[in-house]
Amino acid sequence: MNDSTSHHTSPIGRGNDRPVIYQTFPRIFTNTNPTNKFAGSIEENGSGKLSDYTPTLLRSLRDMGVNCIWFTGVIEHATKSDFRAYDIPLDNPNVVKGEAGSPYAIKDYYDVDPAIASNPARRVREFEECVERVHAEGMKVIIDFVPNHTARRYHSDAAPIGIRDFGADDDTTFHFRRDNNYYYITNQQFSPHFDIESQGTEPYVEFPAKATGNDCFSAFCGQNDWYETVKLNYGHDYGDNSDHFDPIPDTWMKMLHILRYWASKGVDGFRCDMVFMVPLPFWHWAIPQVKQKYPDVIFIGEIYDVGLYRPFLDYGCFDYLYDKVNLYDKLVGIERYHYSAAQLTSAWQTVDGIGPRMLNFLENHDEVRYGSVEFAGDPARVIPDLVVSAMISSGPMMIYYGQELGESATENEGFAGFNNRSTIFDYWSYDPMRRWYDGGKCHDARLTSKEKWLRRLYGKVLNMINERPALREGAFFDLMYANLGREGFDPHHCFCFLRYHGEEVLLICVNFGDHDVATTLAIPDLAFDMASIREGILTTTDLLNDSSVALHLSRTQPMHLRIGRRNAVVIPLSGPGVALRPLSEALPVVIPGHHPEAEASGAADPATTA
């Protein structure tokens with residue numbers, strides 16, 4: 001159990017709304033070109049544009065419960081596309097991954113990717129106009145901040161006067177100097193262990209070689225290294241593991257200026273890439289300085305070590321962190337490796353006290369698609385995973401574009417091949433998004449019944465977590481300890497907990513199994529006392545399935561509950577719409593809810609209670 005509540009409140013959304021983040025990739029999300037030529041050029045495969053994010057599109061996302069949009073791939077990065085007509089120099093294709101290039105190989109921190117501009121000459125202004133439209137619909141804008149590495153060749157033609165390029169003043173005769181922006185392998189040319197000259201006729205020459213972005217301090221990186229990037233130097237000498245942070249290193253000053261530049265354009269938050277690869281003292285120094293002028297700007301950290309969670313929240317000053325290697329990995333384990341649902345108890349215990357500051361998700365650009373063969377194999381199996389991710393805490397919830405339509409990454413787009421992920425390296429479009437976007441109509445007229453059902457499901461859950469006070473800001477109580485070993489309860493497939501706030505108490509139970517379960521569930525005295533639950537015969541409505549529910553609420557006797565296969569129930573135990581009669585009365589008979597659309601679409605059976 002956990003009765004702790006957090007006093008950390010989000011500046012995102014309306015009042016104390018939880019951030020509900022929609023990660024979108026502009027060059028793919030609204031691309032209507034169906035050509036999809038393998039490794040095709042922008043001329044062949046097309047690209048979505050920032051101008052496609054119209055009020056119609058934004059309202060559709062807002063109506064689904066979204067209050068923050070994370071635009072991935074906004075900042076100008078290395079690409080094989082030719083934008084010399086707009087005074088953007090060509091990149092050497094030998095150090096670009098895919099035709100479009102990685103959005104994390106930044107070549108100008110002050111500029112916008114020309115591929116996502118309707119008029120590349122106005123690309124920065126088009127981004128500003130997009131921000132204005134998002135704000136007009138009552139939502140917030142998040143972009144990537146990529147602090148650890150740049151493209152191998154960096155040059156800004158959009159930086160304010162007086163801002164020097166990264167590396168422009170480096171002394172390349174030293175492997176490390178405090179005010180060098182990069183690390184160098186002195187007296188050695190960049191010479192990867194693969195054919196670096198296969199992509200073009202112009203050889204790529206880098207002398208001396210720079211360290212590669214994934215901490216490869218060698219001139220001889222491999223094809224699985226981040227060879228398209230070079231690592232930035234924040235004053236840590238990897239040669240003798242010493243720090244040189246006083247006086248402030250040049251890279252720190254450059255990065256602070258970049259953060260303030262984008263905040264000045266109305267950006268409401270930064271998703272910070274690979275934050276643990278940058279010295280923690282930088283974040284401790286930089287984030288408060290940004291917030292001095294822009295106090296409502298939030299910082300979300302991508303991180304993969306639970307041992308670093310608290311330092312990066314407390315000393316590092318982050319607002320939120322990814323909970324990938326904890327909750328997400330537990331859910332993957334349940335789906336793929338026969339983890340028991342009871343393992344989820346250790347997930348919340350690991351982040352006890354900081355749960356409201358952990359960002360939960362089932363998909364993002366780094367992870368496989370939920371419906372892919374490497375995760376669940378069918379997007380319609382998502383209900384228990386979605387409910388746990390969205391309702392186990394009051395922290396941010398994020399979904400990835402197309403997740404709500406069941407996009408399952410079955411195509412080989414180019415550079416990354418068949419890897420169960422949607423490409424971030426190539427120009428492409430996906431059929432479910434094309435049909436939903438439908439030339440800007442952004443409706444479900446061309447969706448299949450299964451896709452319509454999925455999108456309504458996501459909308460119901462994402463709206464619910466801010467509409468219900470218990471889910472928006474309430475406390476959490478794990479019911480597993482009181483039911484482990486109890487006859488009639490299946491801890492391998494079922495996970496049950498309470499969320500409560502004020503007069504509202506919600507019982508949430510999920511069934512990860514492929515069969516309906518008829519289970520008994522005990523609510524311990526402590527939960528009755530902490531959540532102020534009253535005993536009695538309860539009649540109410542399951543909020544997730546819109547089914548009538550009758551339950552026997554007793555401190556001494558377990559209730560009986562039936563949950564459909566791959567489903568969940570969200571049942572108010574007190575609050576509006578809940579009727580309670582004395583325990584001495586007979587339990588009324590109710591007719592369970594029925595979802596013919598879900599069954600017809602091939603989705604999981606709905607939950608029923610009795």
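Applying the salt bridge (Lys or Arg N to Asp or Glu O under 4.0 Å) test between Asp91 and each of Lys107, Arg153, Lys97, Lys80 identifies Lys107 as the sole match.
Formation of a donor-acceptor pair under 3.5 Å by the Asp170 side chain with backbone atoms of Thr172 is not found in this model. Side chain of Gln189 to main chain of Phe207: no donor-acceptor pair is present (N/O by atom type, distance under 3.5 Å, no hydrogens or angles). A donor-acceptor pair under 3.5 Å is formed between the side chain of His284 and the backbone N or O of Tyr315. Using modelled atom types, one side-chain atom of Arg18 and one backbone atom of Gly395 make a donor-acceptor pair closer than 3.5 Å. Side-chain atoms of Thr229 come within 3.5 Å of backbone atoms of Trp226 as a donor-acceptor pair (strictly under, hydrogens ignored). No donor-acceptor pair under 3.5 Å is formed between the side chain of Asn360 and the backbone N or O of Met397. At least one donor-acceptor pair closer than 3.5 Å links the side chain of Arg152 to the backbone N or O of Lys210. Here the side chain of Asp243 pairs no donor or acceptor atom with the backbone of His236 at under 3.5 angstrom. No donor-acceptor distance shorter than 3.5 angstrom exists from the side chain of Glu228 to the backbone of Ala105, with no hydrogens or angles considered. When atom types are taken as modelled, the side chain of Glu404 and the backbone of Gly402 share a donor-acceptor pair closer than 3.5 angstrom.
Here the closest heavy-atom approach between residue Leu313 and residue Asp319 is recorded as CD2-O, 4.0 Å. Taking both residues in full, the closest heavy atoms of Ser81 and Leu90 are given as O-CD2, 4.1 Å, listed atom of the first, atom of the second, then distance.
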Inset, instruction - Dump the intermediate steps for side chain to side chain donor-acceptor pair (under 3.5 Å) on Tyr53 and Thr24, then the final yes or no. - result: CA-CA 10 Å; Tyr53 291 78; Thr24 179; 2.7 Å; yes
Inset, instruction - Would you check, one step at a time, whether the test side chain to side chain donor-acceptor pair (under 3.5 Å) holds for Asp225 with Asn214? - result: CA-CA 7 Å; Asp225 288 307; Asn214 59 317; 2.7 Å; yes
Inset, instruction - For the pair Arg369 and Glu407, evaluate salt bridge (Lys or Arg N to Asp or Glu O under 4.0 Å) and give the outcome as yes or no after the intermediate values. - result: CA-CA 7 Å; Arg369 286 286 190 173; Glu407 170 56 40; 5.2 Å; no
Inset, instruction - Check step by step if side chain to side chain donor-acceptor pair (under 3.5 Å) holds for Tyr204 and Glu206. - result: CA-CA 7 Å; Tyr204 176 74; Glu206 181 180 289; 2.5 Å; yes
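Taking the six-membered ring wherever Trp is involved, the centroid distance between the rings of Tyr110 and Tyr261 falls below 6.0 Å. Between Phe38 and Phe415, the distance separating the two ring centers is not shorter than 6.0 angstrom. In this structure, the ring of Phe176 has its center no less than 6.0 angstrom from the ring center of Tyr238. Taking the six-membered ring wherever Trp is involved, the centroid distance between the rings of Phe29 and Trp436 falls below 6.0 Å. A centroid separation of less than 6.0 Å is found between the aromatic rings of Tyr322 and Phe361. Between Trp262 and Phe127, a ring centre-to-centre spacing shorter than 6.0 Å is recorded. A centroid separation of less than 6.0 Å is found between the aromatic rings of Phe194 and Tyr227.
If you check the side chains of Trp70 and Asp144, you find a donor sitting under 3.5 Å from an acceptor. Between Arg434 and Ser429, the side chains place a donor N or O and an acceptor N or O closer than 3.5 Å (distance only, hydrogens not considered). The closest side-chain donor-acceptor pair between Lys231 and Asn148 falls under 3.5 angstrom. Side-chain contact check for Asn233 and Asn181: no donor-acceptor pair (N or O, by modelled atom type) lies under 3.5 Å. Using modelled atom types, one finds no donor on one side chain facing an acceptor on the other under 3.5 Å when comparing Asn33 with Asn31. Side-chain contact check for Tyr401 and Gln403: no donor-acceptor pair (N or O, by modelled atom type) lies under 3.5 Å. No side-chain donor-acceptor contact under 3.5 Å links Ser372 and Ser408. Residues Glu413 and Tyr430 have side chains that bring a donor and an acceptor to within less than 3.5 angstrom of each other. Between the side chains of Tyr182 and His149, no donor N or O sits under 3.5 Å from an acceptor N or O. If you check the side chains of Asp108 and His77, you find no donor sitting under 3.5 Å from an acceptor. Judged by distance alone, the side chains of Asp323 and Tyr309 do bring a donor and an acceptor atom under 3.5 Å apart. Using modelled atom types, one finds no donor on one side chain facing an acceptor on the other under 3.5 Å when comparing Glu99 with Ser41. If you check the side chains of Asp385 and Tyr370, you find a donor sitting under 3.5 Å from an acceptor. Between the side chains of Arg133 and Thr54, no donor N or O sits under 3.5 Å from an acceptor N or O.
One finds no salt bridge joining Glu302 and Lys324 here, because no Lys/Arg side-chain nitrogen approaches an Asp/Glu carboxylate oxygen to under 4.0 Å. Ion pairing of Arg123 with Asp113 is absent here, as no side-chain N (NZ or NE/NH1/NH2) approaches a carboxylate O to less than 4.0 Å. Contact check on Glu132 versus Arg125 returns a salt bridge, with a Lys/Arg side-chain nitrogen under 4.0 Å from an Asp/Glu carboxylate oxygen.
Atom-to-atom distance recorded for Trp252:CH2 and Gln289:CD is 10.0 Å, nearest 0.5 angstrom. Taking SG from Cys68 and CE from Met139, the interatomic distance works out to 9.0 Å, rounded to the nearest 0.5 Å. Rounded to the nearest 0.5 Å, atoms CZ (Phe418) and OG1 (Thr410) are 8.0 Å apart. With rounding to the nearest 0.5 Å, the separation of CG in Asp169 from CZ in Arg177 is 12.0 Å. A distance of 7.5 Å separates CG of Asp366 from CG of Asp273, quoted to the nearest 0.5 Å. Here Met277 contributes atom CE and Tyr304 contributes atom OH; the two are 11.0 Å apart, rounded to the nearest 0.5 Å.
Here Tyr109 pairs with nothing under the side chain to side chain donor-acceptor pair (under 3.5 Å) rule; sequence neighbours left out. The side chain to side chain donor-acceptor pair (under 3.5 Å) check on Arg59 picks up Glu137, with sequence neighbours excluded. Looking at residues two or more places apart in sequence or on another chain, you find a side-chain contact (heavy atoms from CB on, under 4.5 Å) between His175 and Tyr183, Phe217, Asp237.
Within 6.0 Å of NZ on Lys37 lie no more than 12 heavy atoms contributed by other residues, nucleotides or ligands. For CG of Asn224, the number of neighbouring non-hydrogen atoms (other residues, nucleotides, ligands) closer than 6.0 Å is 12 at most.
The cationic atom of Arg357 (NZ for Lys, CZ for Arg) does not lie both less than 6.0 Å from the six-membered ring centre of Phe318 and within 45° of the ring axis.
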